[in-house]
Amino acid sequence: MESNQEKDERAAFLLKESTNSLQKINVENVKQGCGGNANCLVLNNRNEIYSVFSTIKKILTPKNEIVKKIAHGFLTGLILTMSGKVYTLGNSNSYQQLPLKNLTGLENDRPYLVEWFLDRDIQIKDINCASITNYFISTDNVLYTNGYNSDGQMGVKIHNNKPFPQKIQENVDRVFTSPHAHHSFFTTLDNKLMGFGRNAKQSCGLGGSFTSTFVPTAVPKICGFEVKNIICTSSSSLLFKNGQVWTTGTTPSNGLSTNTYQFEPLPGLENIRIVSIGGGTNNIAAISDMNEIYVWGTQRGNYRQMKNTTFKGTAFVTKLLTPSLAKSIPYKIGSTPQSFVIIPDIYGNDNYDGTGSEFFILFEKGKFTDYNFLNNQKFKIHKKFVEFRINKSIEEIEKALIDYDDQKIIFFLEWVYSGKQENYLLIKEICQKFGVENLYNLKFQDALLKLFKDEDSKNFNVLIKNDFDDEEEEEEEEEEEEGEESSYEEIPVHKYILYARSGLFREMFDKIDENSNSIKDYSGKTIESLEILIKYLYTNKIELTADDDPELVVEELNDAVDYYQLDKFSNLPYLLRQIKNKLL
């Protein structure tokens, strides 16, 4: 039985622009939140949707469907299901935004299937809502929009509103907007960030003086893969995956003392890792990795009732001293025009910059394992990695799990390798057996750094031979066929680190003996640059010593994401650009 303390620990809250405290939402296990002009919707892990703005009211959910995501604009909302179907929420008064064939007799807060996609055999993987415009991304990465287009919100050069979806762009990865916005952004699979819509206050970050842009235009200085979220109010605030916040638009809504026409860093938050941002009509809020709340925008006056402090000497970013959030779990923010929905982030991953999702392949495929957990062939693991991940010896871990059934052990090991919490209470219960009250203290980056430093467990080498061309490579292959081995320098590494993080090495491992203790790198990069890259595979950081040549490192690793087939969300290009900027 779940205790009241545990329920309170996982409670969601409303932080309204008109109040001075957190208002607990009396709906359990909330995992998403959004809202429009006069409502706030939350989705819980029981597949239930509630309206919670003034009174709590249960909303009908699509029959026989599992809800993947909810989104809401100023007037209407969308529901995306795991099957790729989209349902719309609204009534006939908002007909310009509803992509429905029949608009008669529509009821508020009742989901209606968008048959337009079904008729064309189009499955949707993501949705979002601006003020009066909807966005849909299909499973083949095509962006569709519908609704109002007075300022180019649909991203198409027409001046008419379109109730039914219009195909806008191919190769789209994600789309960002806010429920009161008249402009939006999307990222592409070729690493661009595109802005479009109302730009009167330079909120699209495009640098020009035009008031609206009807055609999506590349945003300068920003790589799409580095973007985690963008909040669109009268300005725009961009959260990078590394936790930094940049902003564009006019003062004071942009959080700066002057107007800016392109995205630039938000002063006051440079040394703080922000994990989530959200936007109301007039304010933007952010939560740090320490669960501290920061606010900026045009009407922060109401928040000054919260015993806040002007932060880091700037009048434009405010740190709220009250209300305070529990430190035991992470939180994220959902946006509505009237408030912020603060939600425990316990149904996603606690991994670090996507590393956990990459590591899950090791557990899933059982590659290069070296230990049978609990003497069970089903549970093949990487002993040192698991020990460092839990910060306990393998004997202590096995002792704590000896009485659990196989399914619960699988839940636990999936969490160890990926950060996925299919059963939060179970993971918490097991971690408490280790004396760990706050399981979010067990971070991937800590485990991988320990693994990198543990030289004794590195039983594999990457072999490097510098300064050879294709002709020399062919000669070496002939020498190897004749039994002669060329001289190589060695970089010790854990074989499974290469397998988890590099598509190139995965392909190479499929072609060599699994018991081999080395693999050759034919990139032609210097050993110094390769050592830096391999450390990056453990830490997601680029750390240079006084002996390293920054210019050479940037030059040699510039193509590393493509060459080594790293994850497309890798922060490596951003880190290299930081180094390059320091050289200018």
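No hydrogens, no waters, no symmetry mates; every other heavy atom, side chains included, goes into these values.
Between the side chains of Ser184 and Tyr135, at least one donor N or O sits under 3.5 Å from an acceptor N or O.
In Lys201, the NZ atom is not crowded: 12 or fewer heavy atoms of neighbouring residues, nucleotides or ligands sit closer than 6.0 Å. Remark: Lys221 NZ is packed, more than 12 non-hydrogen atoms of other residues, nucleotides or ligands lying under 6.0 Å away. Within 6.0 Å of atom CD1 in Ile66, 12 or fewer heavy atoms from other residues, nucleotides or ligands are found, so the atom counts as exposed in its surroundings.
Checked against the 6.0 Å centroid threshold, Phe117 and Phe136 count as a close aromatic pair. For Phe196 and Phe185, the distance between ring centers is not under 6.0 angstrom.
Using cut-offs of 30° and 60° for the angle between ring planes, the Tyr417 and Phe385 rings count as tilted. Classified by interplanar angle (parallel below 30°, tilted 30° to 60°, perpendicular above 60°), the ring pair Phe509/Phe505 is tilted. Below 30°, between 30° and 60°, or above 60°: for Phe74 and His180 the angle between ring planes is above 60°, a perpendicular geometry.
Note that Lys525 lies in the cation-pi zone of Tyr563, set by a 6.0 Å cut-off to the ring centre and a 45° limit from the axis. For the pair Arg501 and Tyr538, the cation-pi test (distance below 6.0 Å, angle within 45°) is failed.
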message: Could you walk me through whether Thr247 and Leu256 satisfy the side chain to side chain contact (heavy atoms under 4.5 Å, CB included) test, starting with their C-alpha distance in whole Å, then the side-chain angles of each, then the deciding distance to 0.1 Å, before giving a yes or no?
response: CA-CA 8 Å; Thr247 185; Leu256 303 172; 3.7 Å; yes
message: For a side chain to side chain contact (heavy atoms under 4.5 Å, CB included) check, start with the C-alpha distance between Val245 and Leu238, then their side-chain angles and the critical distance, and finish with the verdict.
response: CA-CA 6 Å; Val245 177; Leu238 185 156; over 6 Å; no
query: Could you go step by step and tell me if Val42 and Val341 meet the side chain to side chain contact (heavy atoms under 4.5 Å, CB included) rule?
result: CA-CA 9 Å; Val42 295; Val341 192; 4.2 Å; yes
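Ion pairing between Asp126 and Lys69 holds under the 4.0 Å rule for side-chain N and carboxylate O. A salt bridge is defined here as a Lys NZ or Arg NE, NH1 or NH2 lying under 4.0 Å from an Asp or Glu carboxylate O, and Lys167 with Glu170 meets this definition.
Residues Pro163 and Pro99 are not in side-chain contact: their nearest non-hydrogen atoms beyond the backbone lie 4.5 Å or more apart. Side-chain atoms of Asn254 and Thr248, non-hydrogen and from C-beta on, never get closer than 4.5 Å to each other.
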